[in-house]
Amino acid sequence: MSEVISVQESLSEILPADVFSVDDDQIARVSIDTSDGIPVGRAAAVVYPTTTQQVADLVRFAARESIPIVTQGARTGVVGGATAVDGAILVNLTRMDAILEISVEDQTATCQPGVNTKRLADAVAEKGLFYPPDPGSVSISTIGGNIATNAGGMQCLKYGTTGRFVRELTVVTGAGEIIRVGHKTAKGVASLDLASLFVGSEGTLGIITEATLALRPAPGEVLGAYGVFRTMSEALEAANRVVASPYGPTALEVMDGQIIRAINALNRAEVLPNDAEAILIVQSDATGSAAEDIGHFAEIFTTSGAIRTVTATTAAEVSEIMDLRRQLHPAMRRAYGAVLNEDIAVPRGRLLELFEGIAEIAQELDVPIATGGHVGDGNLHPLIGFDADKPESRALADAAFEKVMALAAELGGTITGEHGVGVIKRPLLDSELSAEVRALQRGIKAVFDPAGILNPGKKL
Ligand SMILES: Cc1cc2nc3c(=O)[nH]c(=O)nc-3n(C[C@H](O)[C@H](O)[C@H](O)COP(=O)(O)OP(=O)(O)OC[C@H]3O[C@@H](n4cnc5c(N)ncnc54)[C@H](O)[C@@H]3O)c2cc1C
């Protein structure tokens, strides 16, 4: 209790009263992210800074007192990156949500970290520009969180993940210094690329308080097609041929038979063919040639064995089918009660082995595993269903989770393609990284965060 009071008194000295709270209920409400079933610590305070200087003053105080800091955006993360740790000050950036500048000439946007991703994308679209990164959480996540997780999404197949759009960042380091890293310009190689270090750093190296992002000219109208397959191997052959073709799809997604049936059950209608074992969805936004490109992709689907290929002729029809794909997580939750939402990536050439291996794990442990996701870049989301009220069901799901991770590593892949490490995947890092690499990473953290206060116990 006295510790809480002393934190409160100290915060009162450095921050305006209306930007922090030590109220237990309020702290508890913001202590979690969107991950399921992980232990959450008890934080001492939550701060909603409104300026970079406030963040710097706060971090200097925390470093002096060795108080952990957990940085938060919208808390849509699914690996426990933004969850509270004991005694921490939660630094929630959602009040720093200004779009500071959109430059049509330079094709850049400068904003604060708490800006909602879709709000930024809509604002630049009004000026004829395009911000491509589109995580499934685009309408609820923040730009700061997207940078700190290097968020992916469907359009990343063509345009790349969030990091590719980061030009310049203002960051408060773990020592409370305000630094600017990167370049506003399209090119720039003056010294080491420190901005890249903050991309995907999950709040462990610094707090991003401003970002300049690269934009692109608005693309053409989005058109698409989907193919229905009897076997996953035919669908994967089609996927590989689409990616190898010279037409460059914007997105290429897959859903397996279990997901298809779970989505139909969620909608209480056969919105997708119930007897299909795989569906591929492809999109193109190529200016002037999208319809032609989609024709090529549809042809590839058919000649790879699709039993039905449906071409969407308007952007609205394309979003209808993509919206069904976005139901992957809620549909599996409805079907099984709770799910472990996996996020592995393997080289595309190993995808069939991955699907076969997952099927074997599901059968061996008698656990439902449904798999879908960004097949175009080999990043899939196996969803492992379990009954949260039955510990033995959870134990089996955990066993399946570990086996799926080991399988991804065995196939030359990674334990996380886009969701990040947080706390959930930290125990698995040794399976992917050597002791030397882990030591180097800890050394880098120590440079930016000498007191070790930033998101301790996460990511590294
Ligand atoms: C329905 C749904 C769909 C999703 N789809 C995708 C998807 O397609 N692709 C994908 O990549 N992810 C996806 N996610 C996961 C999640 O939305 C992303 O990781 C997102 O980038 C997190 O943003 P956020 O603002 O919610 O950050 P938070 O969850 O609040 O934080 C995430 C991490 O970033 C750190 N952080 C946040 N802000 C800052 C900052 N300003 N400075 C430093 N560190 C910071 C936090 O400490 C934490 O470690 C999905 C989640 C949901 C719920």
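Atoms within each ligand, like the ligands themselves, are counted from 1 in listed order.
Heavy-atom proximity to L93, at under 4.0 Å, picks out these atoms of ligand 1: 40 (C), 41 (N). Which parts of ligand 1 touch G81 is read off a 4.0 Å heavy-atom cut-off, strictly below it: atoms 47 (O), 48 (C), 49 (O). Near A82, meaning under 4.0 Å from any of its heavy atoms, are these atoms of ligand 1: 30 (O), 31 (O), 48 (C). The distance from ligand 1 to the heavy atoms of A151 drops below 4.0 Å at these ligand atoms: 11 (O), 21 (O). Of all the atoms in ligand 1, the ones that sit under 4.0 Å from a non-hydrogen atom of G144 are 38 (N), 39 (C), 41 (N). Less than 4.0 angstrom separates some heavy atom of R75 from each of these atoms of ligand 1: 26 (O), 28 (P), 29 (O), 30 (O). Using a 4.0 Å cut-off to heavy atoms of G206, the atoms of ligand 1 that qualify are 43 (C). Annotation for ligand 1: atoms under 4.0 Å from non-hydrogen atoms of P113 are 41 (N).
Taking the charged nitrogens against the carboxylate oxygens, R348 and D377 have no contact shorter than 4.0 Å, which rules out a salt bridge. A salt bridge between E101 and K184 is absent, with no side-chain N of the basic residue lying under 4.0 Å from a carboxylate O of the acidic one. Under a 4.0 Å N-O distance rule, the pair D57/R60 qualifies as a salt bridge.
Among all protein heavy atoms, the one lying closest to atom 42 (N) of ligand 1 is I208 N, 3.0 Å. Scanning the protein for heavy atoms near atom 53 (C) of ligand 1, the closest one is T76 O, 3.6 Å. When only non-hydrogen protein atoms are considered, atom 39 (C) of ligand 1 lies nearest to T71 CG2, 3.6 Å. From the protein, the heavy atom lying nearest to atom 45 (C) of ligand 1 is A148 CB, 3.3 Å. The nearest protein atom to atom 4 (C) of ligand 1, hydrogens excluded, is given as S137 N, 3.6 Å; this is a heavy-atom distance. Atom 6 (C) of ligand 1 has its closest protein heavy atom at G136 N, 3.5 Å.
Looking at ligand 1, you won't find any N or O of P135 less than 3.5 Å from one of its N or O atoms. Of the polar atoms of H374, none of the N or O atoms is found under 3.5 Å from an N or O of ligand 1, judged by distance alone.
The shortest heavy-atom distance from N146 to ligand 1 is under 4.0 Å. Under a 4.0 angstrom heavy-atom cut-off, H329 registers as lying outside contact with ligand 1.
Under 4.0 angstrom from ligand 1, there are no non-hydrogen atoms of T209.
Close placement of the H419 and H381 rings is indicated, their centers lying within 6.0 Å of each other. Annotation: F448 is in aromatic contact with F198 [ring centroid separation under 6.0 Å].
Considering I147, I32, T149 only, the shortest heavy-atom separation from atom 33 (C) of ligand 1 involves T149.
Between the T142 side chain and the G114 main chain, no donor and acceptor come within less than 3.5 Å of each other.
Figure legend: R394 and F386 shown as a cation-pi pair, the cationic atom lying under 6.0 angstrom from the six-membered ring centre and within 45 degrees of its axis.
Under the 4.0 angstrom criterion, atom 1 (C) of ligand 1 counts as lacking any protein heavy-atom contact.
Heavy-atom contacts from other residues, nucleotides or ligands closer than 6.0 Å to CZ of R438 number more than 12.
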